[in-house]
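Here the structure is a predicted model, which is why all the values come from computation and not from measurement. In what follows, chains carry the letters A, B, and so on, assigned in the order in which the sequence lines appear, proteins first and then strands, with residues in each chain numbered from 1. No hydrogens, no waters, no symmetry mates; every other heavy atom, side chains included, goes into these values.
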Protein chains: 4
Amino acid sequence: MSKADKTKELIIERTAEIFNTKGFSGTSLNDMTSVTGLTKGSIYGNFKNKDEVAMEAFKFNLQIMNHLFSAEMAKKTSFRDKLLVYTDVLSNFSERKFPRGGCPILNTAVESDDTHPLLKQRAQKALLAWKDKIADILENGMETGEFKSGLNTEQVAISILASLEGAIMIRKLTDNQKYIQFAMKSLQDYIHQL
Amino acid sequence: MSKADKTKELIIERTAEIFNTKGFSGTSLNDMTSVTGLTKGSIYGNFKNKDEVAMEAFKFNLQIMNHLFSAEMAKKTSFRDKLLVYTDVLSNFSERKFPRGGCPILNTAVESDDTHPLLKQRAQKALLAWKDKIADILENGMETGEFKSGLNTEQVAISILASLEGAIMIRKLTDNQKYIQFAMKSLQDYIHQL
Amino acid sequence: MSKADKTKELIIERTAEIFNTKGFSGTSLNDMTSVTGLTKGSIYGNFKNKDEVAMEAFKFNLQIMNHLFSAEMAKKTSFRDKLLVYTDVLSNFSERKFPRGGCPILNTAVESDDTHPLLKQRAQKALLAWKDKIADILENGMETGEFKSGLNTEQVAISILASLEGAIMIRKLTDNQKYIQFAMKSLQDYIHQL
Amino acid sequence: MSKADKTKELIIERTAEIFNTKGFSGTSLNDMTSVTGLTKGSIYGNFKNKDEVAMEAFKFNLQIMNHLFSAEMAKKTSFRDKLLVYTDVLSNFSERKFPRGGCPILNTAVESDDTHPLLKQRAQKALLAWKDKIADILENGMETGEFKSGLNTEQVAISILASLEGAIMIRKLTDNQKYIQFAMKSLQDYIHQL
DNA sequence: AATGAATGAGCATTCATTCAT
DNA sequence: GATGAATGAATGCTCATTCAT
């Protein structure tokens with residue numbers, strides 16, 4: 001990895017948390033220099049502009065979240081258990097594992113309504129990919145007979161996703177882990193009954 | 001109503017949409033003057049600062065949403081039907097009725113993580129009030145025997161809330177009404193089975 | 001006295017202290033309304049502008065100071081004792097008697113260097129009148145034989161004045177009454193030897 | 001000297017005169033940019049805020065004044081002659097040598113009553129240092145027998161200081177060099193008789 | 001590849017002043 | 001004679017971005 005690449009990575013890693021916490025407009029170039037220890041010039045030497053850094057930071061945060069789920073899923077054999085990973089992880093939501101600031105897709109969705117179309121587009125893509133991932137699990141589970149046949153996988157996937165994201169939002173707003181657990185318990189029941 | 005009160009209302013009404021669309025930091029005083037046709041001085045003559053306008057705008061948006069739900073609920077007699085108002089309204093979500101920019105609680109929750117504690121607090125209060133409202137309906141429905149007895153009303157309320165908010169977020173991100181309808185269909189099933 | 005005159009007087013009395021404490025630019029119309037309990041419109045109904053109020057406030061503060069000296073002087077019979085009133089009053093300088101903020105001439109002199117020519121001119125006039133007053137006392141004392149004959153009264157007057165004003169400034173800066181007393185003791189010696 | 005240091009110096013040198021003439025509140029950022037030829041951003045890149053520039057400008061003006069006195073004193077051998085430097089310099093007061101706007105201590109003392117405590121504190125320190133400087137000269141002169149023994153050096157120092165500052169104020173207000181010379185003549189007599 | 005220094009547009013806020021009522 | 005409401009210019013300050021070195 002070249003020096004430039006290393007610097008790029010450093011910038012992404014270090015700024016990812018602020019972007020996910022303070023949002024795009026809430027994060028200033030000064031925030032970015034103080035958290036990286038670099039100068040503005042250096043950041044602009046490695047990225048076209050703030051938008052580009054934000055984009056990479058989003059991807060980085062997304063990856064952390066996705067890896068967290070994937071790693072847990074790999075340990076499970078049944079498709080139902082794979083699905084239950086989502087509720088397990090969020091029930092035991094701990095800031096050390098989950099990206100600080102919560103789900104980057106949720107955060108980006110809300111802030112970048114009109115203002116940052118590229119970022120919104122990326123978040124959109126990520127959400128749909130997530131939906132497809134869940135639908136895939138459902139599909140596979142239907143094939144093995146774990147799940148009832150004839151499920152509208154897209155509908156179920158979106159419903160699960162909505163519960164997950166809504167629960168994350170509630171936790172973010174209330175700072176109360178209890179609520180996320182309530183929502184996850186209901187979601188577990190729902191998954192069990194599929 | 002005094003002239004000042006009229007101006008205040010004008011400012012709130014006109015800025016409410018921008019705040020709910022662009023967020024607090026994304027909305028500038030210049031945005032506010034151009035949408036109201038007033039000068040900065042006039043805005044500051046009627047409000048202490050931008051925060052205060054944002055707060056009132058939040059309350060205004062919240063009221064629109066709440067009134068929308070309440071009006072529909074008033075038409076229903078059974079408690080189950082009252083609950084189904086949420087899914088109905090969101091399924092037929094149309095920008096003219098629902099506040100532009102989506103749910104103000106969701107939007108505020110995500111942006112005001114640390115930066116605007118008073119706003120966050122207000123949103124928190126609104127969310128918990130909503131939760132209590134749903135729990136009340138459940139309670140009443142349990143008393144009349146419409147719902148199964150022994151429900152953990154708070155848990156159910158939070159689960160419904162999470163689905164609603166998650167669905168709103170997904171719609172906001174994808175601009176696709178189909179998804180919100182998927183989530184609402186599942187939520188209807190859930191409510192029917194209570 | 002008409003109602004307008006009463007209001008005018010109220011404004012002058014109440015704002016005099018702020019002007020003498022915070023200075024002309026340091027005193028805002030808002031300061032003036034909050035200290036008078038009146039509205040901006042009312043102030044502008046009674047005065048052409050802020051400058052005019054400041055001018056009257058200056059005169060008011062000046063009068064307080066002058067009256068304080070005059071009252072004490074009236075009690076003295078010898079001209080030397082009349083002169084010593086200045087040192088006595090300043091040695092026992094107490095905020096209740098002396099205008100809060102110190103000598104209005106000094107304050108105006110320093111702030112209105114270029115910015116407020118009319119005010120500066122007024123302060124100039126007041127200073128020269130003070131000088132003439134002292135010179136008069138000296139003249140009279142020379143006639144009665146209390147003072148040495150042949151004094152350059154203007155020179156002596158200015159020297160006394162410089163000591164007084166310098167002492168007031170030092171007190172204002174240090175908040176230490178000790179220093180004003182030091183300077184006044186020397187000035188007493190000087191006056192005694194005239 | 002780095003470029004930043006050069007710019008800093010430029011800002012200080014160029015703004016020092018305005019601050020000493022118009023005062024702190026009277027000097028705007030726009031004044032500062034137009035006199036330096038720099039942009040606001042550049043000023044804020046080199047100083048934390050306006051207060052910091054004002055502080056440095058005060059120090060700069062103070063230094064000019066102090067250097068002026070020190071340079072003249074260095075030419076004198078007797079302590080009495082050293083003291084007489086103050087009266088000499090002020091008698092021949094010429095704007096080219098003395099900071100435009102007069103004594104920065106006087107100016108700061110009067111404006112910064114409450115509003116700018118740090119600046120006031122600095123001016124206080126400068127005044128007391130000046131007092132100690134004069135007291136030192138007196139002390140030394142007493143040791144060599146130039147001055148009468150048993151002088152209360154602090155009292156004499158303050159008295160001299162008051163005369164100097166008062167005279168500067170009178171000159172500032174009247175724009176008449178004659179008056180400062182009057183006051184200085186009396187002060188010379190006083191010093192000669194010590 | 002990175003820095004230091006600057007830019008200029010934009011920010012939220014306060015100012016003295018005006019004027020219809 | 002006084003108020004309430006507005007104006008528009010100015011305030012101090014921060015922003016993302018650029019570029020010579």
Side-chain angles (χ1 to χ4, degrees), chain A residues 2-8 24-25 27-33 36-54, chain B residues 2-8 24-25 27-33 36-54, chain C residues 2-8 24-25 27-33 36-54, chain D residues 2-8 24-33 37-54:
Chain A
S2 75
K3 188 166 185 212
D5 285 348
K6 265 190 200 158
T7 309
K8 267 186 138 157
F24 179 83
S25 359
T27 302
S28 75
L29 257 292
N30 275 341
D31 288 335
M32 295 164 70
T33 57
T36 56
L38 297 171
T39 61
K40 292 179 191 178
S42 174
I43 290 172
Y44 273 83
N46 287 283
F47 295 90
K48 218 182 76 206
N49 51 28
K50 189 181 154 187
D51 296 62
E52 204 181 85
V53 186
Chain B
S2 77
K3 186 149 189 242
D5 285 348
K6 267 188 203 159
T7 309
K8 267 185 141 159
F24 180 84
S25 358
T27 302
S28 76
L29 256 291
N30 275 342
D31 289 336
M32 294 164 71
T33 58
T36 55
L38 298 170
T39 60
K40 292 177 189 179
S42 177
I43 291 173
Y44 274 85
N46 288 284
F47 294 91
K48 221 183 72 205
N49 50 29
K50 188 183 154 187
D51 295 61
E52 204 182 84
V53 185
Chain C
S2 75
K3 188 163 185 216
D5 284 348
K6 265 190 200 158
T7 309
K8 268 186 137 158
F24 179 83
S25 359
T27 302
S28 75
L29 257 292
N30 275 342
D31 289 335
M32 295 164 69
T33 58
T36 55
L38 298 171
T39 61
K40 291 179 192 177
S42 176
I43 291 173
Y44 272 84
N46 287 283
F47 294 91
K48 222 184 71 203
N49 52 27
K50 189 182 154 188
D51 295 62
E52 205 183 84
V53 186
Chain D
S2 78
K3 189 154 187 236
D5 286 347
K6 267 189 202 158
T7 308
K8 267 185 140 159
F24 180 83
S25 0
T27 302
S28 76
L29 255 292
N30 275 342
D31 288 336
M32 294 165 70
T33 56
L38 298 170
T39 61
K40 293 178 190 179
S42 176
I43 290 173
Y44 275 84
N46 287 285
F47 293 91
K48 220 182 72 204
N49 51 29
K50 189 183 153 188
D51 295 61
E52 203 181 87
V53 186

Using a 3.5 Å distance criterion without hydrogens, assess whether the side chain of B:Lys50 forms a donor-acceptor pair with backbone atoms of B:Phe24.
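Such a contact is found between B:Lys50 side chain and B:Phe24 backbone.
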Where the side chain of A:Lys40 meets the backbone of A:Met32, is there a donor-acceptor pair that is under 3.5 Å apart?
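Side chain of A:Lys40 to backbone of A:Met32, a donor-acceptor pair under 3.5 Å: no, none is there.
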Please state how far atom [atom1] in [X] lies from atom [atom2] in [N], giving the value in whole angstrom units.
X       : N      : atom1 : atom2 : result
D:Glu52 : F:dG12 : CD    : C1'   : 15 Å
D:Met32 : F:dT11 : CE    : P     : 12 Å
A:Asp31 : F:dC15 : CG    : P     : 8 Å
D:Phe47 : F:dG12 : CZ    : C1'   : 16 Å
B:Lys40 : F:dT11 : NZ    : P     : 14 Å
C:Ile43 : E:dC15 : CD1   : P     : 13 Å
B:Asn49 : E:dT13 : CG    : C1'   : 9 Å

Indicate, with a heavy-atom threshold strictly under 4.0 Å, whether [X] touches base, sugar-phosphate, or nothing.
X       : answer
B:Thr27 : sugar-phosphate
C:Leu29 : base
D:Ser28 : sugar-phosphate
C:Gly41 : base

Phosphate OP1/OP2 of [N] contacted by [X] side-chain N/O (<4.0 Å):
X       : N      : value
A:Asn30 : F:dT14 : no
B:Thr7  : F:dA6  : yes
D:Lys3  : E:dG4  : no
C:Tyr44 : E:dT17 : yes
C:Asn46 : F:dA2  : yes

Tell me which nucleotide, if any, is Watson-Crick or G-U wobble paired with [N] when both distances must be under 3.5 Å.
N      : result
E:dA9  : F:dT14
E:dA1  : none
E:dT21 : F:dA2

I want to confirm an ordering. Mapping B:Lys48 and D:Asp5 to their closest nucleotides on DNA chain E, which one lands closer to the 5' end?
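This one resolves to D:Asp5.
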Quick check: on DNA chain E, is the nucleotide nearest D:Ala4 upstream (toward 5') of the one nearest C:Phe24, or the reverse? Name the residue that is more 5'.
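It is D:Ala4, whose closest nucleotide lies nearer the 5' terminus.
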Spacing of [X] atom [atom1] and [Y] atom [atom2] [to the nearest 0.5 Å]:
X       : Y       : atom1 : atom2 : value
B:Glu52 : B:Asn46 : CD    : CG    : 9.5 Å
D:Phe47 : D:Thr7  : CZ    : OG1   : 9.0 Å
D:Asn49 : D:Ile43 : CG    : CD1   : 12.0 Å
C:Leu29 : C:Thr27 : CG    : OG1   : 10.0 Å

From the options E:dT7, F:dT7, F:dA16, select the nucleotide whose nearest atom is closest to the side chain of D:Ser42.
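My answer, after comparing the listed nucleotides, is E:dT7.
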For DNA chain F, whose closest nucleotide is more 5', that of B:Thr39 or that of D:Ser25?
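It is B:Thr39 whose nearest nucleotide is closer to the 5' end.
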Which residue, C:Leu38 or D:Asp51, contacts DNA chain F at a nucleotide closer to its 5' end, judged by nearest heavy atom?
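Comparing both residues, the 5'-ward one is C:Leu38.
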